[in-house]
Amino acid sequence: MYSIISLLFLAVIYVLVDVNNSLQINYVYHNYTAMTGILKNINKTHSDLVFLYSIGQSVEGRELWVLLITKEPNKEVLLKPNVKYVANMHGNEAVGRELMLQLIAYLINNSGKKSIRNLLETTRIHIMPSMNPDGFELSLEGRCEGPGRYVPTNIFSY
Ligand SMILES: *[C@@H]1O[C@H](CO)[C@@H](O)[C@H](O)[C@H]1NC(C)=O
Ligand SMILES: *[C@@H]1O[C@H](CO)[C@@H](O)[C@H](O)[C@H]1NC(C)=O
Ligand SMILES: *[C@@H]1O[C@H](CO)[C@@H](O)[C@H](O)[C@H]1NC(C)=O
């Protein structure tokens, strides 16, 4: 009897923890500091599902973050395909950057559901929210013609 009660208790705890594990990312533009904080935090709290790495640094020295999402991220499984998403190539075209953060949250939020679980068991999904973090920092929200499209040292940046 006691063991059934404690099992139920554990199940309740598990559900609570699981709910707390879901991610809410606000619908605002996240600058480099904020984006880095989110990615590092996810890397800490969901190490069973993600692995955060950098493919190098931007012209101004910002990390070019990629978040790998998959079941057993530290295990390279033969014939498990790798796919990548790359966003925010033009620094001031930033909706993709936020969509990638939301996609990460969606995959993690739903990692227990059959369809997403299948996806994460059979695919290694690499997500790079920002390919041009320098340009993003130069951009001005609401100004499409302003600076930030290219990297700062590019002769076409203005
Ligand atoms: C980045 O955004 C945060 C808010 O999320 C703000 O506190 C901080 O000042 C911003 N940093 C820069 C360099 O704009
Ligand atoms: C992400 O977490 C792993 C441990 O799960 C660690 O080895 C790795 O260095 C972390 N990545 C970053 C960029 O901090
Ligand atoms: C993830 O779950 C949180 C908490 O339920 C929710 O607020 C958020 O909108 C979800 N995000 C996505 C992209 O599913």
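Because the structure is predicted, anything quoted here is derived from the model rather than measured. Remember, it's 1-based here, ligands and their atoms both numbered in the order they're listed.
- Within the model, atoms CD1 of Ile104 and CG of Leu101 stand 5.5 Å from one another, a figure rounded to the nearest 0.5 Å.
- Contacts with ligand 2 closer than 4.0 Å are made by no heavy atom of Tyr53, backbone or side chain.
- Atom 4 (C) of ligand 1 lies below 4.0 Å from none of the non-hydrogen atoms of the protein.
- Between His126 and Val66, the shortest heavy-atom distance links the atoms CB-CG1, 3.8 Å.
- Side chains of Asn82 and Arg124: a donor on one and an acceptor on the other come within 3.5 Å.
- Checked against a 3.5 angstrom limit, the closest N/O atoms of Ser47 and ligand 2 fall outside it.
- Looking at Asn31 next to ligand 1, an N or O pair under 3.5 Å apart turns up.
- Polar contact with ligand 2: present for Leu52 (N/O pair, distance under 3.5 Å).
- When non-hydrogen atoms are compared, ligand 3 lies under 4.0 Å from neither the backbone nor the side chain of Asn110.
- Inside a 4.0 Å radius of atom 7 (O) of ligand 1 there is not any protein heavy atom.
- Atom OH of Tyr106 is surrounded by 12 or fewer heavy atoms from other residues, nucleotides or ligands within 6.0 Å.
- Remark: Arg97 is not positioned above the aromatic ring of Tyr29, lacking an NZ or CZ atom under 6.0 angstrom from the ring centre and at most 45 degrees off the axis.
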